[in-house]
Amino acid sequence: MADRSVDVAIVGGAAMGSSIACHLAMDPAFSGSVLVLEKDPTYQYCASALSAASVRQQFSSAINIEISLYGVAFLREIGTHLATADTRPTVDLHEGGYLFLATADKREILERNHALQTRLGADIAFLEPDALTRQFPWLNVEDIAAGCWGRSGEGWFDGYGLMQAFRGKARALGVPYHGSGVAKAERDGSGFRLTLEDGSTVSCGTLVNAAGASGATRLAADLSIDIPVHCRKRMIFTFDCREQVPGCPLLIDPNGTYVRPEGTGFLCGSAPPEAEDPDCTDFEVDHGFFEEHLWPTLATRIPAFEAIKPGAAWAGHYDMNLFDHNAILGPVDALPGFYLCTGFSGHGLQQAPAVGRGLAEHIAHGGYRSLDLSELAFERIAANRPVQEINVV
């Protein structure tokens with residue numbers, strides 16, 4: 001690529017970067033030029049392709065609930081929102097619900113979260129143990145005090161399909177993509193100058209850092225911005241079960257292990273203990289984690305899972321915000337023209353519709369219009385003003 005100058009350069013072309021590009025290109029008020037830089041055009045290792053790809057409203061913070069309420073509404077109508085002359089995309093949204101289970105010591109937290117979720121319009125049922133057994137007769141509730149189940153508006157979808165739909169719409173609207181990473185970013189007058197790994201350069205007035213788990217921190221550091229985002233590995237395991245588990249939602253055990261249907265089988269995972277969760281950029285799968293931690297938990301909670309056949313497994317990365325496990329979004333006051341879109345800590349895909357819309361609005365109009373995302377601004381970190389999110393999966 002020849003050296004070039006654009007109004008907006010977006011570093012990272014997966015779900016977040018492509019959503020921002022797409023929403024900018026769709027905004028009638030924006031007439032500038034946009035370039036998306038993606039270091040891996042195959043998307044083989046990006047989080048969007050390797051995610052368990054789920055959507056939920058069962059968060060403990062209002063902003064996350066509102067972001068995902070918009071997200072599921074967007075997914076329901078994605079064929080309308082992101083249609084091009086050639087395609088009407090689908091993402092196979094399956095509203096099977098989340099089921100969060102709580103032991104007696106966590107029941108009050110579940111009640112408090114449920115009150116907030118339903119007040120904001122989420123369709124979440126609070127179920128006592130007997131109601132859980134009636135709804136899910138295959139479930140062991142021996143140690144369970146209550147559960148919350150999303151009757152609608154929660155479930156899983158094709159995350160790779162969502163990313164490609166945003167990308168396809170952006171490209172159809174004239175946004176170019178360039179397959180190179182950023183070797184160096186620097187301030188250049190009132191804008192920025194990017195030296196790419198292929199040796200070319202890009203100058204821009206607005207720079208959006210959506211570089212993902214492995215790149216966002218380094219790109220910010222080039223511009224003397226320190227963000228508490230670390231690359232953490234998460235593994236997903238699949239298996240088949242001999243017995244039927246009808247109506248299985250995405251179930252979250254009290255110890256954090258999750259499982260949901262995937263085709264005719266299931267997939268599962270869990271965060272490792274904090275002391276065993278270092279910064280990590282490899283994609284190696286530790287099959288012992290499934291055998292020693294996941295399977296015993298699953299077989300206890302759902303006795304049908306005592307007899308299973310393990311299948312494929314893979315690893316991906318979270319851009320984990322260690323400050324408060326929430327996204328870091330929007331402009332950086334100390335560096336005009338620089339936008340952050342990082343730190344999603346595992347719930348990025350479901351937030352891509354609302355976040356892409358919000359950041360595009362801020363770039364095009366100078367502020368948020370549809371949903372105020374300023375609570376997730378970078379400045380909250382220096383002010384020690386965390387957005388407390390209890391429901392991190």
Next on the checklist: Please evaluate residues Thr297 and Asp253 with respect to the criterion side-chain hydrogen bond (donor to acceptor under 3.5 Å, both in side chains), reporting the C-alpha separation (whole Å), side-chain torsions for both, the decisive distance (0.1 Å), and the verdict.
Outcome noted: CA-CA 8 Å; Thr297 296; Asp253 191 82; 5.3 Å; no

Next on the checklist: Test side-chain contact (heavy atoms from CB on, under 4.5 Å) on Val332 and Leu340; report intermediate values, then the result.
Outcome noted: CA-CA 7 Å; Val332 176; Leu340 289 169; 3.7 Å; yes

Next on the checklist: Run Phe192 and Arg187 through side-chain contact (heavy atoms from CB on, under 4.5 Å) and show every step you take.
Outcome noted: CA-CA 5 Å; Phe192 304 89; Arg187 193 67 163 163; 2.6 Å; yes

Checklist entry - Under the side-chain hydrogen bond (donor to acceptor under 3.5 Å, both in side chains) criterion, do Tyr70 and Glu66 qualify, and how do the steps go? => result CA-CA 6 Å; Tyr70 175 76; Glu66 291 172 325; over 6 Å; no

Next on the checklist: Between Thr238 and Glu262, is the side-chain hydrogen bond (donor to acceptor under 3.5 Å, both in side chains) condition met? List the steps.
Outcome noted: CA-CA 8 Å; Thr238 67; Glu262 175 67 6; over 6 Å; no

Item to check | Steps toward salt bridge (Lys or Arg N to Asp or Glu O under 4.0 Å) verdict (Glu128, Arg107) | outcome: CA-CA 10 Å; Glu128 302 289 352; Arg107 179 188 170 100; 2.7 Å; yes

Next on the checklist: Walk me through whether Ser18 and Arg171 qualify under side-chain hydrogen bond (donor to acceptor under 3.5 Å, both in side chains).
Outcome noted: CA-CA 9 Å; Ser18 288; Arg171 288 171 63 88; over 6 Å; no

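Shown here for Trp138 and Pro249, the closest heavy-atom pair between the two residues is CH2-CD, 3.8 Å. The heavy-atom pair separating Gly12 from Val36 by the smallest distance is O-CG1, 3.9 Å. The two residues Ala304 and Cys241 make their nearest non-hydrogen contact at O-SG, 3.3 Å. Between Cys148 and Ile124, the shortest heavy-atom distance links the atoms CB-CG2, 3.9 Å.
When only modelled atom types and interatomic distance are considered, Glu154 and Gln57 share no side-chain donor-acceptor pair under 3.5 Å. Ser214 and Lys39 share a donor-acceptor pair across their side chains, judged by distance under 3.5 Å alone. One side chain, Arg88 or Thr80, offers a donor N or O that lies under 3.5 Å from an acceptor on the other. With no hydrogens or angles considered, no side-chain donor-acceptor pair links Ser200 and Asp3 at under 3.5 Å. A donor-acceptor contact closer than 3.5 angstrom is absent between the side chains of Asp143 and Thr103. For the residue pair Gln350 and Ser54, no side-chain donor N or O sits within less than 3.5 Å of a side-chain acceptor on the partner. Defined by atom type and a distance below 3.5 Å, a donor-acceptor pair is missing between the side-chain atoms of Thr84 and Asp86.
Counting heavy atoms of neighbouring residues, nucleotides and ligands inside a 6.0 Å radius, atom OH of Tyr45 does not exceed 12 of them. For Glu142, the CD atom is loosely surrounded, since the number of other residues' heavy atoms within 6.0 Å does not exceed 12. Residue Glu108 qualifies as open at atom CD: its count of foreign heavy atoms under 6.0 Å is 12 or below. Other residues, nucleotides and ligands contribute over 12 non-hydrogen atoms within 6.0 Å of the CG atom of Asp130.
Here the side chain of Lys169 pairs a donor or acceptor atom with the backbone of Ala83 at under 3.5 angstrom. Formation of a donor-acceptor pair under 3.5 Å by the Arg301 side chain with backbone atoms of Asn140 is found in this model. A donor-acceptor pair is defined here as one N or O able to donate and one able to accept, closer than 3.5 Å; no such pair exists between the side chain of Asn321 and the backbone of Gly343. Between the side chain of Arg260 and the backbone N or O of Ala52 there is at least one donor-acceptor pair closer than 3.5 Å. Put simply, the side chain of Gln351 never gets that close to the backbone of Phe344: no donor and acceptor are under 3.5 Å apart. Side chain of Ser48 to main chain of Ala15: a donor-acceptor pair is present (N/O by atom type, distance under 3.5 Å, no hydrogens or angles). Glu361 places a side-chain N or O within 3.5 Å of a backbone atom of Arg369 that can act as its donor or acceptor partner. Put simply, the side chain of Asn209 gets close to the backbone of Ala211: a donor and an acceptor are under 3.5 Å apart. Counting only distance, with no hydrogens or angles, the side chain of Arg232 and the backbone of Asp277 share a donor-acceptor pair below 3.5 Å. Not one N or O on the side chain of Lys233 forms a donor-acceptor pair closer than 3.5 Å with the backbone of Pro278.
No salt bridge links Arg385 with Asp324; every basic N to acidic carboxylate O contact stays at or beyond 4.0 Å. Contact check on Lys309 versus Asp240 returns no salt bridge, with no Lys/Arg side-chain nitrogen under 4.0 Å from an Asp/Glu carboxylate oxygen. Using a 4.0 Å cut-off between charged nitrogen and carboxylate oxygen, Glu95 and Arg76 count as a salt-bridge pair.
Side-chain contact between Pro89 and Phe166 is absent, with no heavy atoms from C-beta onward closer than 4.5 Å. Side-chain contact between Gln44 and Leu50: absent, with no pair of heavy atoms (C-beta onward) separated by less than 4.5 Å. Side-chain contact between Phe289 and Ser270 is present, with heavy atoms from C-beta onward closer than 4.5 Å. Annotation: side chain of Leu207 is in contact with side chain of Leu223 (closest heavy-atom distance under 4.5 Å). Contact annotation: the side chain of His230 never approaches that of Asp319 to less than 4.5 Å [non-hydrogen atoms, C-beta and beyond]. Proximity of Leu93 to Val72: side-chain heavy atoms (C-beta onward) are separated by under 4.5 Å at one or more points. When side chains are defined from C-beta on, Tyr258 does not count as touching Leu251, because their heavy atoms never get closer than 4.5 Å. Contact of the Val8 side chain with the Leu35 side chain is not registered, since no non-hydrogen atoms from C-beta on lie closer than 4.5 Å.
A continuous path of ILVMFWY side-chain contacts below 4.5 Å connects Leu82 to Val55, so both sit in one hydrophobic cluster. Hydrophobic clustering, with ILVMFWY side chains joined whenever heavy atoms are under 4.5 angstrom apart, groups Ile144 together with Val259. Phe126 and Leu139 fall into different hydrophobic clusters, where Ile, Leu, Val, Met, Phe, Trp and Tyr are joined by side-chain heavy atoms under 4.5 Å apart, directly or via other members. Both Leu250 and Trp314 are part of a single hydrophobic cluster, where members link through side-chain heavy atoms under 4.5 Å apart. One hydrophobic cluster holds both Val182 and Leu335 under the rule that ILVMFWY side chains link at heavy-atom gaps under 4.5 Å.
Side-chain rings of His94 and Phe157 stay apart, their centers remaining 6.0 Å or farther from each other.
By the 30° and 60° cut-offs, the orientation of the rings of Phe59 relative to His347 is perpendicular. In this structure, Phe290 and Trp295 have parallel ring planes: the angle between them is below the 30° cut-off, well short of the 60° mark. The aromatic rings of Phe100 and Tyr98 sit parallel to each other, their planes meeting at less than 30°, with 60° as the upper class boundary. Ring geometry, His317 versus Phe283: the interplanar angle falls from 30° to 60°, so the pair is classed tilted. Ring geometry for Phe305 against Phe239 counts as perpendicular: the plane angle is over 60°, on a 0 to 90° scale with 30° as the lower cut.
The OG1 atom of Thr257 sits 3.0 Å away from the NE2 atom of His293 when rounded to the nearest 0.5 Å. Note that the CG atom of Leu294 and the CD1 atom of Ile236 stand 11.0 Å from one another [nearest 0.5 Å].
With Asn64 as the fixed residue, the side chain to side chain donor-acceptor pair (under 3.5 Å) test singles out one of Ser61, Ser68, Ser60: Ser61.
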